[in-house]
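Proteins get letters first, then strands, A, B, ... in listed order; numbering begins at 1 in each. Hydrogens, waters and symmetry mates are skipped; everything else that's a heavy atom, side chains included, is used.
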Number of protein chains: 2
Amino acid sequence: MSWEKGKHIGNLVEQSTRLIKLRFGNAFSDHGIDITPEQWIVLDCIHELESSSQKDIVEKTYKDAPTISRILAKLIQKKWLIIRPDVDDKRKSIVRLSDKGKAIYNTCNPIAITVRERLWNGLSKDEYATFIHVIDKIFQNLEKES
Amino acid sequence: MSWEKGKHIGNLVEQSTRLIKLRFGNAFSDHGIDITPEQWIVLDCIHELESSSQKDIVEKTYKDAPTISRILAKLIQKKWLIIRPDVDDKRKSIVRLSDKGKAIYNTCNPIAITVRERLWNGLSKDEYATFIHVIDKIFQNLEKES
DNA sequence: AAAATTTAGTTGTCATGACAAATATATTCA
DNA sequence: TGAATATATTTGTCATGACAACTAAATTTT
């Protein structure tokens, strides 16, 4: 695969993203863990937030509510999460990692770190910084609807 | 949304990619054109290749064969493509733009250019160059299976 | 307080994307 | 040549992702 330089920036980023997700998924399954990249993102998010409503996860992951609802359903089905209604706001459901979920997190996190290292291999701090800046700027440029 | 800097590079790129695809899709539908970002990628690819087998498109778009097969089916259904069997290799189907497909391409292309301009707004040539370099390097870092 | 509006979450639909398996045709090897 | 392989494409399954519509509960308005 060679890039179409100067054009098709969307495709370019899209293809790499697909590859990144694929490699995260490969790495997990190579270690015998049945978790998708998206499920990992959500699991990691819940680990960071400790205890969170679906809304919190929606905001943090930038995924939409239906997507989060369905990913959570799968994580709950796997018994990696504990869900309970919020006592103050009955619309909300609060979610946190179960012991099994924590164990999975602890197994997956080093694997994710390894993939990230591989991903950044041969790139400098400056390149990293510029990359983050550009991606962030692109995001801001597109964030508003019109 | 604020980034988790220094971590979660995958999420970061993934979120921006999703937004990029969303904005391309928005832009097309705002102009009354019923085309998804992926269909646009494939249409544009076929426009560039002039006449191509599905394999050619698979290689150029880095999408997999089943995905291309299905996207082509939709584009054919919309009558934007003409498909014919390859005379030398009966396994292959050769695809090219119909007149209607060319018209759609000509309508979509300026829209895509506008989105790309918006996307890059406020970023310098150097930042662009570094970004391309980094994305390309990441792709290479992950390209090999293991 | 009652009605209107907003918010949190769910469910349905359709389009990818990854992966496995199947089919048909080519090519290579013994 | 005939068998084994390889290649091009299709089909099936499951997991997102975008979007619309819906339910239930909270908040705001009047």
Side-chain angles (χ1 to χ4, degrees), chain A residues 10-11 14-30 34-43 52-59 61-78 83-95 142 145, chain B residues 10-11 14-30 34-43 52-59 61-78 83-95 142 145:
Chain A
N11 309 15
E14 196 263 339
Q15 289 170 20
S16 293
T17 303
R18 237 174 330 110
L19 192 55
I20 291 170
K21 284 164 78 169
L22 186 62
R23 292 307 178 229
F24 272 94
N26 291 159
F28 295 137
S29 73
D30 286 351
D34 179 30
I35 187 171
T36 66
E38 288 82 9
Q39 287 168 13
W40 163 246
I41 289 170
V42 172
L43 197 77
S52 48
S53 70
Q54 299 195 193
K55 185 72 195 308
D56 297 334
I57 302 169
V58 162
E59 282 167 4
T61 61
Y62 206 74
K63 292 176 186 300
D64 74 354
T67 299
I68 291 301
S69 177
R70 283 161 179 139
I71 292 177
L72 289 182
K74 294 204 177 73
L75 298 182
I76 290 163
Q77 186 191 323
K78 290 178 181 183
I83 189 168
R84 64 171 174 78
D86 185 298
V87 281
D88 298 321
D89 187 337
K90 286 175 190 166
R91 292 171 308 178
K92 292 188 180 178
S93 35
I94 305 297
V95 107
L142 299 182
E145 177 70 39
Chain B
N11 308 16
E14 195 264 339
Q15 289 170 21
S16 293
T17 303
R18 236 173 331 110
L19 193 54
I20 291 170
K21 285 165 75 171
L22 186 62
R23 291 307 178 230
F24 272 92
N26 291 158
F28 296 136
S29 74
D30 285 352
D34 179 29
I35 187 172
T36 66
E38 288 82 10
Q39 287 168 14
W40 164 245
I41 288 170
V42 172
L43 197 77
S52 48
S53 70
Q54 297 194 195
K55 185 73 195 311
D56 297 332
I57 303 169
V58 162
E59 282 167 4
T61 61
Y62 206 75
K63 293 180 186 295
D64 74 354
T67 299
I68 291 302
S69 177
R70 282 160 179 140
I71 292 177
L72 290 182
K74 293 204 178 75
L75 298 183
I76 291 163
Q77 188 192 322
K78 289 177 180 182
I83 188 168
R84 63 171 174 78
D86 185 298
V87 281
D88 299 320
D89 187 337
K90 287 176 189 165
R91 292 170 306 178
K92 291 189 181 178
S93 35
I94 306 298
V95 108
L142 299 181
E145 177 71 39

Residue A:R18, side-chain atoms from C-beta onward, closest of D:dA18, D:dT9, C:dA18 | C:dA18
Give a yes or no on whether a donor-acceptor pair under 3.5 Å exists between the nucleobase atoms of C:dG12, that is its base, and the side chain of A:R70.
-> yes
For C:dG9, does either OP1 or OP2 sit under 4.0 Å from a side-chain N or O belonging to A:S93?
-> yes
Given DNA chain C, 5'-ward residue of the pair A:L19 and A:A65, judged by closest heavy atom = A:A65
Integer-rounded Å distance: D:dT7 C1' and B:I94 CD1 = 14 Å
Inspect the contact between B:E38 and B:K21 and indicate whether a charged nitrogen and a carboxylate oxygen are less than 4.0 angstrom apart.
-> yes
Establish, with yes or no, whether the OP1 or OP2 oxygen of D:dT7 is under 4.0 angstrom from a side-chain nitrogen or oxygen of B:Q54.
-> no
Round to a whole Å and report the spacing from CD of B:Q77 to C1' of C:dC14.
-> 12 Å
D:dA8 phosphate, OP1 or OP2: any side-chain N/O from B:K55 under 4.0 angstrom?
-> yes
From CD of A:Q15 across to P of C:dG17 the rounded distance in Å is 10 Å
First of A:V87 and B:I68 reached from the 5' end of DNA chain D, by closest nucleotide | B:I68
Between C:dT7 (P) and A:D86 (CG): distance, integer Å = 17 Å
Of all the choices, C:dG9, C:dG17, D:dT11, which nucleotide is nearest to the side chain of B:S69 once you look at every atom?
-> D:dT11
Roughly how far, to the nearest 0.5 Å, is the OG1 atom of B:T17 from the CD atom of A:Q15?
-> 11.0 Å
A:K21 vs D:dG17: side-chain N/O to OP1/OP2 distance below 4.0 Å = yes
Closest of D:dC19, D:dA8, D:dA15 to the A:D64 side chain is D:dC19
B:L72 atom CG is separated from D:dA8 atom P, nearest whole Å, by 15 Å
Would you say B:K63 reaches C:dG17's phosphate, i.e. side-chain N/O to OP1/OP2 under 4.0 Å?
-> yes
Measure across A:G25 and A:P37 and return the closest heavy-atom pair with its distance rounded to 0.1 Å.
-> N-CG, 4.0 Å
Going through the distances and angles, do A:K78 and A:D34 end up as a side-chain contact (heavy atoms from CB on, under 4.5 Å)?
-> CA-CA 10 Å; A:K78 290 178 181 183; A:D34 179 30; 3.9 Å; yes
Rounding to a whole Å, what distance do you find between A:E38:CD and C:dA18:P?
-> 10 Å
B:E14 CD to D:dA15 C1': how many Å, rounded?
-> 13 Å
Residue met sooner reading DNA chain D from 5', once A:K90 and A:T67 are mapped to nucleotides = A:T67
First of A:D56 and A:L22 reached from the 5' end of DNA chain C, by closest nucleotide = A:D56
Not counting sequence neighbours, which residues clear salt bridge (Lys or Arg N to Asp or Glu O under 4.0 Å) with B:K90? List them please.
-> none
A:W40 ring center within less than 6.0 Å of A:F28 ring center = yes
Nearest-Å distance for atom pair CD/C1', residues B:E59 and D:dT7 | 11 Å
Can a side chain N or O of A:N26 be found less than 4.0 Å away from OP1 or OP2 on C:dC19?
-> yes
Looking at D:dT9, does its base get a donor-acceptor pair with the side chain of B:R91 below 3.5 Å?
-> no
The nucleotide from D:dA15, C:dA15, C:dT25 with an atom nearest the side chain of A:Q39 is D:dA15
